[in-house]
Amino acid sequence: QVQLVESGGGLVQPGGSLRLSCAASGIAFSIATMGWYRQAPGKPRELVAAITSDGSAGYADSVKGRFTISRDNAKNTVYLQMGSLKPEDTAVYYCNGLIAPLNYWGRGTQVTVSS
């Protein structure tokens with residue numbers, strides 16, 4: 001079965017950095033569009049960044065210039081490098097894999113930005 005397993009979340013001070021990883025199995029990773037979403041308490045889930053099978057990346061305006069998404073098809077892993085973190089980046093971050101019309105989700109990893 002398909003599994004997307006996130007790791008790398010945690011508590012970080014404002015201005016700090018974290019790198020999230022998402023290891024995928026049971027999915028044709030190399031042809032999937034992979035994305036990172038986040039959901040803060042009381043707010044809807046929102047797209048943070050996505051990367052297509054050919055490596056084209058897109059970002060939410062709120063994270064442009066601070067976050068970088070990348071993928072390693074040999075390792076079936078997608079990454080989210082987060083820098084200059086702000087308290088408003090606090091959320092559960094979810095990995096997403098899309099091979100239309102199929103859509104897969106990880107269970108999420110908590111990122112908390114606080115002093």
I need the [X] [atom1] to [Y] [atom2] distance, nearest 0.5 Å.
| X | Y | atom1 | atom2 | answer |
| --- | --- | --- | --- | --- |
| Cys22 | Phe29 | SG | CZ | 7.0 Å |
| Asn103 | Thr33 | CG | OG1 | 10.5 Å |
| Glu88 | Lys43 | CD | NZ | 8.0 Å |
| Ser53 | Ile99 | OG | CD1 | 9.5 Å |
| Thr109 | Leu20 | OG1 | CG | 6.0 Å |

Tell me whether [Y] is reachable from [X] by hopping between hydrophobic residues (I, L, V, M, F, W, Y) whose side-chain heavy atoms are closer than 4.5 Å.
| X | Y | answer |
| --- | --- | --- |
| Val113 | Tyr94 | no |
| Ile31 | Val2 | yes |
| Val12 | Phe67 | yes |
| Leu102 | Ile51 | yes |
| Tyr104 | Val78 | yes |

Is any side-chain heavy atom of [X] less than 4.5 Å from a side-chain heavy atom of [Y]?
| X | Y | answer |
| --- | --- | --- |
| Ser70 | Gln81 | no |
| Leu4 | Met34 | yes |
| Tyr93 | Leu80 | yes |

Please report the shortest heavy-atom distance between [X] and [Y], naming the atom on each side.
| X | Y | result |
| --- | --- | --- |
| Ala91 | Ala40 | CB-N, 3.8 Å |
| Ser21 | Thr77 | CB-CG2, 4.3 Å |
| Leu47 | Ala60 | O-CB, 3.5 Å |
| Pro14 | Ser115 | CD-N, 3.7 Å |
| Ile69 | Tyr59 | N-OH, 3.0 Å |

Any carboxylate oxygen within less than 4.0 angstrom of a Lys/Arg side-chain nitrogen, looking at Glu46 and Arg38? yes
Should Lys64 and Asp61 count as an ion pair when the cut-off is N to O under 4.0 Å?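 A salt bridge links Lys64 with Asp61.
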For the backbone of Cys95 and the side chain of Glu6, can you confirm whether one donor and one acceptor N or O come within less than 3.5 Å of each other?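 Yes, Glu6 side chain to Cys95 backbone: donor-acceptor pair under 3.5 Å.
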Judged by atom type as modelled, is there a donor-acceptor pair below 3.5 Å linking the side chain of Arg71 to the main-chain atoms of Thr52?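 Yes, the answer is positive, given that a donor and an acceptor are paired below the 3.5 Å cut-off.
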Given Thr112, Asp89, Leu85, Leu11, the one that forms side chain to side chain contact (heavy atoms under 4.5 Å, CB included) with Leu18: Leu85
Just checking, any donor-acceptor pair under 3.5 angstrom between side chains of Tyr37 and Arg45? no
Could you tell me if Arg19 sits above the aromatic ring of Tyr79, with its cationic atom closer than 6.0 Å to the ring centre and no more than 45 degrees from the axis? yes
